[in-house]
Amino acid sequence: SGAAAAPLPEEDCMKLNPSFVGIALSSLLAIDLWASKRLGVCAGEGSAWGSARPLMKVIEVSGHGIPWLLGTFYGLCQSDSSAAREVLLNLLFALLLDLVMVAVVKGIVKRPRPTHNKMDMFVTISVDKYSFPSGHATRAALVCRFILRHLVLAVPLRVLVVLWVLIVSISRVMLGRHNMTDVLFGLLLGYALYGVVEHCWLSPATAPTLFAFW
């Protein structure tokens, strides 16, 4: 009949007219997924750069938490210098904080890993099935800031440390382990976590019982 059509409910109007922010985020997500898949050139043996996959997996181990934790703990046990023990104890604290924060964020976001990823990663735990953020990128950024701040290194070695961070981060996308946004957020998170470590710096004055134990 000639009766006027009833107005759409407000929520339906919003669905028909998505916000600019929603469109922008969806577009960025699509670009992220597309570019990450194109850059996953070492995701499998049959990929474009499949022959470089073993090297990428060695780089993967270099940024893994277990070697860093074991190495730091061993150095802490073998050190006979109070200054070295203080630095190593805070590095151990930084690595543990990194593991906890990455696990929490992964458990909250629950972003699946890229579909082209092979689940053959070096020593994983339950939350490692999730992709966001990249724990390797977070750890690399955190360790880099820590080393550059607390170790006296020649300029070439400092450059190598920064290059290591970049190589580890790029390798995560090349192996198909992560999308680019996982890595970028991981780098930012690791950079920020170092500030927390500096703020909570453990010393004989702030944690006498801990240092008495060591």
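Heavy atoms only: backbone and side chains are in, while hydrogens, waters and symmetry mates are out. Note that the structure is predicted; figures quoted are calculated from it, not measured.
Using a 4.5 Å cut-off between side-chain heavy atoms of Ile, Leu, Val, Met, Phe, Trp and Tyr, I108 falls into a hydrophobic cluster with V100, V104. L33 forms part of a hydrophobic cluster together with L29, judged by ILVMFWY side-chain heavy-atom separations under 4.5 Å.
Considering only residues two or more places apart in sequence or on other chains, K57 meets the side-chain hydrogen bond (donor to acceptor under 3.5 Å, both in side chains) condition with D120.
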- Task: Could you give me the CA-CA distance, side-chain angles and deciding distance for F93 and L202, then say whether side chain to side chain contact (heavy atoms under 4.5 Å, CB included) is met?
- Result: CA-CA 9 Å; F93 165 64; L202 304 174; 4.1 Å; yes
- Item | Worked check of side chain to side chain contact (heavy atoms under 4.5 Å, CB included) between L92 and L69 | CA-CA 7 Å; L92 184 63; L69 283 170; 3.8 Å; yes
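Note: L39 CG to M180 CE = 6.0 Å, rounded to the nearest 0.5 Å. For the atom pair CG (L89) and OG (S82), the distance works out to 12.5 Å, reported to the nearest 0.5 Å. The OG atom of S203 sits 8.0 Å away from atom CG of N90, with the distance rounded to the nearest 0.5 Å. Here CG of L88 is found 10.0 Å from SG of C77. Values are rounded to the nearest 0.5 Å. With values rounded to the nearest 0.5 angstrom, H64 atom NE2 is found 15.0 Å from I59 atom CD1. Rounded to the nearest 0.5 angstrom, L91 CG and T72 OG1 are separated by 4.0 Å.
Within the 4.5 Å cutoff, the side chain of K37 has no heavy atoms near those of the P114 side chain. Side-chain atoms of V197 and L193, non-hydrogen and from C-beta on, never get closer than 4.5 Å to each other.
The two residues V41 and R38 make their nearest non-hydrogen contact at CG1-O, 3.7 Å.
At least one donor-acceptor pair closer than 3.5 Å links the side chain of H178 to the backbone N or O of S131. S79 places no side-chain N or O within donor-acceptor distance of the main-chain N or O of G75, the cut-off being under 3.5 Å. No donor-acceptor pair closer than 3.5 Å links the side chain of R177 to the backbone N or O of N117. Looking only at distances, a side-chain donor or acceptor of S19 sits under 3.5 Å from a matching main-chain atom of G22. For the pair H136 (side chain) and E60 (backbone), a donor-acceptor distance under 3.5 Å is present.
Residue pairs meeting the ring-ring contact (aromatic ring centres under 6.0 Å, His included) criterion with at least one member in residues 151-176, sequence neighbours excluded: W68-W164. Every pair passing salt bridge (charged side-chain N to carboxylate O under 4.0 Å, His left out) that includes a residue from residues 87-114 is listed here, sequence neighbours excluded: D32-R111, D98-R139, K106-D128, R111-D182.
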Side-chain donor-acceptor pairs of residues 145-158 under 3.5 Å, sequence neighbours excluded:
residue : atom : partner : partner atom : Å
R145    : NH1  : Y191    : O            : 2.8
H150    : NE2  : Y194    : OH           : 3.2
H150    : NE2  : E198    : OE2          : 2.7
R158    : NH1  : L148    : O            : 3.3
R158    : NH2  : L148    : O            : 3.4

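Classification of E45 and K118 as a salt-bridged pair holds, one side-chain N sitting under 4.0 Å from a carboxylate O.
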